[in-house]
Visitor: 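Structure below; questions to follow.
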2 protein chains.
Amino acid sequence: MTKSPPRTRIQVRNRAAILEAALEVFAARGFRGATLDRIAQAAGLSKPNLLYYFRSKEALHLAILEDLLELWLAPLREMDADGEPREQILGYVRRKLEMSRDHPRESRLFANEILQGAPRARPVLEGELKVLVDEKAAVIAAWSESGRIGPVDPYHLIFSIWALTQHYADFEVQVRAIMGKTDPYPGAEAWLDHLFGAALGISHKTT
Amino acid sequence: MTKSPPRTRIQVRNRAAILEAALEVFAARGFRGATLDRIAQAAGLSKPNLLYYFRSKEALHLAILEDLLELWLAPLREMDADGEPREQILGYVRRKLEMSRDHPRESRLFANEILQGAPRARPVLEGELKVLVDEKAAVIAAWSESGRIGPVDPYHLIFSIWALTQHYADFEVQVRAIMGKTDPYPGAEAWLDHLFGAALGISHKTT
DNA sequence: GTCTATATGATGATAGAC
DNA sequence: GTCTATCATCATATAGAC
């Protein structure tokens, strides 16, 4: 799946420039909306030269997805079964929110891909992602059953964390349309801490 | 912005068929990924005939956005300043989740548009949407200040509701990759009820 | 109002010189 | 390895007959 490794410094630099440019363009316009022309221009190369490094638009997109995967799954991987449950879950929320703040393009690229049915990423979702989520869901379920956190549905809890944190990157335009120039992240962090903190309690008020 | 009203029954039927087909295709593939060929085929018309009803792809997309707007904002509009606060907010969550379940294509069409910077919907976001959100945020803030619900950030609360409910429509492929054939909506409803119920409490456990 | 045929432009990819 | 020139395809939109 990966190309033969680059040998010269120029190749390393060009390859990196292409991946950076492609991330920018794919994130902003989706797979179909992105053009090789635009990516090549952003990378400072000619279109045929770009295609010398990646044999097709499809191959370029795939290379990015693969590069991104570990970065993307890292925050969940760090959740430690032996840690303090509440701290582990709230820590995951914080790391994931930081990921949205520091890597919004990566978030939007994934969002574009999944929104359109994950034509290229589906194997990853059903393979590596599902395995990881099943594993961490089991950890959370054990915490819940032992009473160290309140009763929660681990899968929906994880979906919630994804949805809430990624929202600030993926729907940034909408957030800004409503909040103006105010940086949403400080408020978001406090709110998510409150929201998940309350939900993880042993019990909660019902009225 | 809107075309002259259709006059005959055939026109009404064709126009509706086009909008239905276009919703399907735009939602699944985004603006650039959708082709007039595919929309025309899905609507059972020739491409030039489609362009007789809508002068351009752009105009067709705009017509859909406008048609969708009221449907989309209705659940929030229904939130009643004179109702019982907790019930009003949880009711909004439920209606919005039903909207995702019953209208996933509409959700994905909006998501595509916003994800790519809202090139066509931006005026709506900064206009009608912002006005409505500001109004309802003030209502929630008043509830919070009077102590009828706990201290909440009204804007982030509303973002949370959008993010969580729309996630099940927009990222359906990912949810299914992890949950398999299980219908996620019953579990989602219970979880969101728990999550927001806990967060709206007067206070919550901090450890 | 609806169709066939076609103009026009964009885009992914290749050929071949240097 | 990198470029200019070009091909083949596809997509939006229009012309014009019926």
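Proteins get letters first, then strands, A, B, ... in listed order; numbering begins at 1 in each. Atoms considered below: every heavy atom in the structure, side chains included; atoms not considered: hydrogens, waters and symmetry mates.
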Visitor: Can you give the first and last nucleotides of DNA chain D, 5' to 3', that have an atom under 4.0 Å from a heavy atom of chain A?
Guide: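 Nucleotide range with atoms under 4.0 Å of chain A: dG1(D) to dA5(D).
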Visitor: Mind listing the residues from residues 16-39 of chain A sitting with a heavy atom below 4.0 Å of DNA chain D? Number order is fine.
Guide: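 The answer is none.
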Visitor: Could you go step by step and tell me if Gln11(A) and Asn14(A) meet the side-chain contact (heavy atoms from CB on, under 4.5 Å) rule?
Guide: CA-CA 5 Å; Gln11(A) 279 180 326; Asn14(A) 279 349; 5.8 Å; no
Visitor: Within the supplied structure, the quantity of interest is the number of heavy atoms (other residues, nucleotides, ligands) at a distance under 6.0 Å from Gln41(A) CD; does it exceed 12?
Guide: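 No.
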Visitor: Using modelled atom types only, decide if a donor and an acceptor are shared between the side chain of Gln174(A) and the backbone of Ile114(B) within a distance under 3.5 Å.
Guide: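 Not confirmed, Gln174(A) side chain does not pair with Ile114(B) backbone.
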Visitor: All N/O contacts under 3.5 Å from nucleotides 6-9 of chain C to the protein, with atom names and distances to one decimal?
Guide:
none

Visitor: In this structure, how many angstroms lie between the C1' atom of dT11(C) and the CG atom of Leu51(A), rounded?
Guide: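 Taking CG of Leu51(A) and C1' of dT11(C), I get 11 Å after rounding.
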Visitor: Thinking salt bridges, do Arg77(B) and Glu128(B) make one under a 4.0 Å N-O criterion?
Guide: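 Between Glu128(B) and Arg77(B) there is a salt bridge, with a charged N closer than 4.0 Å to a carboxylate O.
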Visitor: By ring pair (Phe, Tyr, Trp, His ring centres under 6.0 Å), which residues pair with Phe31(A), not counting sequence neighbours?
Guide: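 By the ring pair (Phe, Tyr, Trp, His ring centres under 6.0 Å) rule, Phe31(A) matches Phe26(A), His61(A).
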Visitor: Which residue pairs satisfy the salt bridge (Lys or Arg N to Asp or Glu O under 4.0 Å) criterion with at least one member in residues 28-43 of chain A, sequence neighbours excluded?
Guide: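 Residue pairs passing salt bridge (Lys or Arg N to Asp or Glu O under 4.0 Å), neighbours aside: Asp37(A)-Lys47(A).
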Visitor: Under 3.5 Å, which donor-acceptor pairs link side chains of residues 152-162 of chain A to any protein atom two or more places apart or in another chain?
Guide:
unit_1: Asp153(A); atom_1: OD1; unit_2: Tyr155(A); atom_2: N; d: 3.1
unit_1: Asp153(A); atom_1: OD1; unit_2: His156(A); atom_2: N; d: 3.2
unit_1: Tyr155(A); atom_1: OH; unit_2: Asp134(A); atom_2: OD1; d: 2.6
unit_1: His156(A); atom_1: ND1; unit_2: Tyr168(B); atom_2: OH; d: 2.6
unit_1: Ser160(A); atom_1: OG; unit_2: His156(A); atom_2: O; d: 2.7
unit_1: Ser160(A); atom_1: OG; unit_2: Trp191(B); atom_2: NE1; d: 2.6
unit_1: Trp162(A); atom_1: NE1; unit_2: Tyr92(A); atom_2: OH; d: 2.9

Visitor: For the pair Glu20(A) and Arg105(A), find out whether any cationic side-chain nitrogen is under 4.0 Å from an anionic carboxylate oxygen.
Guide: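 Arg105(A) and Glu20(A): salt-bridged.
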Visitor: Output, in order, the C-alpha distance, side-chain angles, deciding distance and verdict of side-chain contact (heavy atoms from CB on, under 4.5 Å) for Met99(B) and Gln166(B).
Guide: CA-CA 8 Å; Met99(B) 196 65 88; Gln166(B) 291 172 193; over 6 Å; no
Visitor: Using the side chain to side chain contact (heavy atoms under 4.5 Å, CB included) rule, pick out the option among Ile89(B), Leu76(B), Val131(B) that qualifies with Lys136(B).
Guide: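 For Lys136(B), the side chain to side chain contact (heavy atoms under 4.5 Å, CB included) check succeeds only for Leu76(B).
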